[in-house]
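Counting convention: from 1, in listed order, for ligands and their atoms alike. Counting begins at 1 with the first residue of the sequence.
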Amino acid sequence: MSTSREHFSSKIGFILAAAGSAVGIGNLVGFPVAATKNGGGAFLIIYALFVAFICLPIMLAEMGLGRRTQHSPYSAYAELGKNAIQWRLAGWFATITPFMIAVFYMVITVWIFGYLFQTLSGNLEVIAQPEYFGHFVNDYSFVGYLIAVTLIINFILVGGVRKGIERASKILMPTLFLMLILLVIFVLTLDNAMAGVEFYLVPDFSKIDGSVINGALAQAFFSLSLGMGILITYGSYFRRNDDIVTSGKLVAITDTAVAFTAGLMTLPAIFAIYPDTNPESLSDSSVSMIFSFFPQIFMQLSDIIGYGFATVAASVFFLLAFVAAITSLVSIIEVPTSSFMEKRNVSRSTALLVMGIAITILTLLAATSFGLVPWVSHVITYAGIDKSLFDVIVDVFYETILPLNGLLICLFVRFRWKRENFAAELGEGNSNYATSFLHKYVNFAIGTFIPLILALVFANTVAAKFFGVALL
Ligand code: PHE
């Protein structure tokens, strides 16, 4: 059934689609809060260095592997890896990881949709009650929201690469930028907003330690959608004469710029409403920030601008988060979908149906992790902590296998694909690459210290998460 492979129609189409994948929930709240708690400007500098010197080479490797083979991750590794078992395993990891991360990301996206629905219905007051989130996650209305989100995603994905992913990104990404800028302008006009900007930007190097550095790298890695097979798949939709190198740089810059700009919305909003906030006390969890803290902020805002305008501001915020989440979900579900189309030789709609059913069942199960179904809420205990199914998915796939996938692609480039061939691939579409500094840097780093750092992160995570022993 499979016909010739579809391609993005233009470089900008690819950049917007990949930026759509990269810009997600992590950018809007996770990044700004992590920066503020961990040294402000000092964290920002370290983060930017990680993006440029560690993440960009991996990003180029993923995109290059995809374009070279014109396949999704599993077949890409199998083909270039000459079917060797270790590379088939790497391909399998790059296929199952996005599938499982899609499940946990789906749960959060469905909640965001529920909150958006509630705010649009004029219920800001209701969602701002401190006990609301606890009830909400254990309520069967989840199923209705899940169906709606699944329909929206499938509506985009069924159109394929150009008419689906690319077209949706071209509409949704500019909308997202606009909403973000409007919210930043609005928030910066509030009294006390500048206190938030200060906490966010003024560097405090004394806060930087091993765990902050590890956290910054993990955040950069996740934020750029690395290790999830996404950029291999999107790279395979690139044409031979497209410029991978410039596109990769632009995606990294856009993602970082959005994360940085989001800090100019998130922190000033917190400090405008609660001027005495101690940055240390902000929650590390984006989930509790988005679903518990933010609704209260919007509710307090109604004292200043009235309930109607506060509802509008809250709706724009949840719509922004929803758009960011949907474009990420589209990219991540595309990975197992396109692998399935390739392996089983089925049509896009059949593959989407199978993925849709599988992800829906797992999402429903994962969503009952919060007390609704007792055995799902306590499936296993490790490192002395009782874990729910949702926790296990996050620990295994997000925390552990993500850096492992990064390590595997570095080893693949160094020992199997070979760095000269990788460089030749990047040179296609960018005639200056061969003589550039970037070329020398990428070839050196990807074969030496980047895999070393990722191996350390991986070992440390396994020891800390599963055995309760901190190595670093
Ligand atoms: N970059 C996304 C974020 O920051 C991560 C992600 C991408 C998650 C794709 C799921 C799918 O939220």
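- Contact atoms of ligand 1 toward Asn27: 4 (O) (distance under 4.0 Å to a heavy atom of the residue).
- A parallel orientation is assigned to the rings of Tyr77 and Trp87, their planes being inclined by less than 30° (bins at 30° and 60°).
- The closest donor-acceptor contact from the side chain of Asp395 to the backbone of Val392 lies at 3.5 Å or more, if one exists at all.
- Residues Phe136 and Tyr115 bring their aromatic ring centres within 6.0 Å.
- Lys207 and Glu280 are joined by a salt bridge, as a carboxylate oxygen and a charged side-chain nitrogen come within less than 4.0 angstrom of each other.
- At a cut-off of 3.5 Å, with distance as the only test, a side-chain donor of Gln70 or His7 sits close to an acceptor on the other residue.
- Of all atoms in ligand 1, listed by their number and element, those nearer than 4.0 Å to a heavy atom of Ser223 are 1 (N), 4 (O).
- Residue nearest to atom 7 (C) of ligand 1, selected from Pro98, Ser225, Ala325: Ser225 (by heavy-atom distance).
- Contact annotation: for Ile230 versus ligand 1, heavy atoms closer than 4.0 Å belong to the side chain alone.
- Taking distance alone, with nitrogen or oxygen atoms compared against 3.5 Å, Tyr105 approaches ligand 1 more closely than that limit.
- Considering backbone and side-chain atoms together, Phe222 places an N or O closer than 3.5 Å to an N or O of ligand 1.
- At least one N/O-N/O distance between Ile25 and ligand 1 falls below 3.5 Å.
- Considering both main-chain and side-chain atoms, Ser331 never comes within under 3.5 Å of ligand 1 through any nitrogen or oxygen pair.
- Side-chain contact between Met63 and Met59: present, with at least one pair of heavy atoms (C-beta onward) separated by less than 4.5 Å.
- Ring-plane geometry between Trp417 and Phe412 is classed as tilted, the angle between the planes lying from 30 to 60 degrees on a 0 to 90 degree scale.
- Closest to atom 1 (N) of ligand 1 among all protein heavy atoms lies Ala22 O, 2.6 Å.
- Salt-bridge check for Glu425 with Arg67: passed, with a basic side-chain N closer than 4.0 Å to an acidic carboxylate O.
- Taking every heavy atom of Gly24 and a limit of under 4.0 angstrom, the matching atoms of ligand 1 come to 3 (C), 4 (O), 12 (O).
- The distance criterion of under 3.5 Å between nitrogen or oxygen atoms is met by Gly26 with respect to ligand 1.
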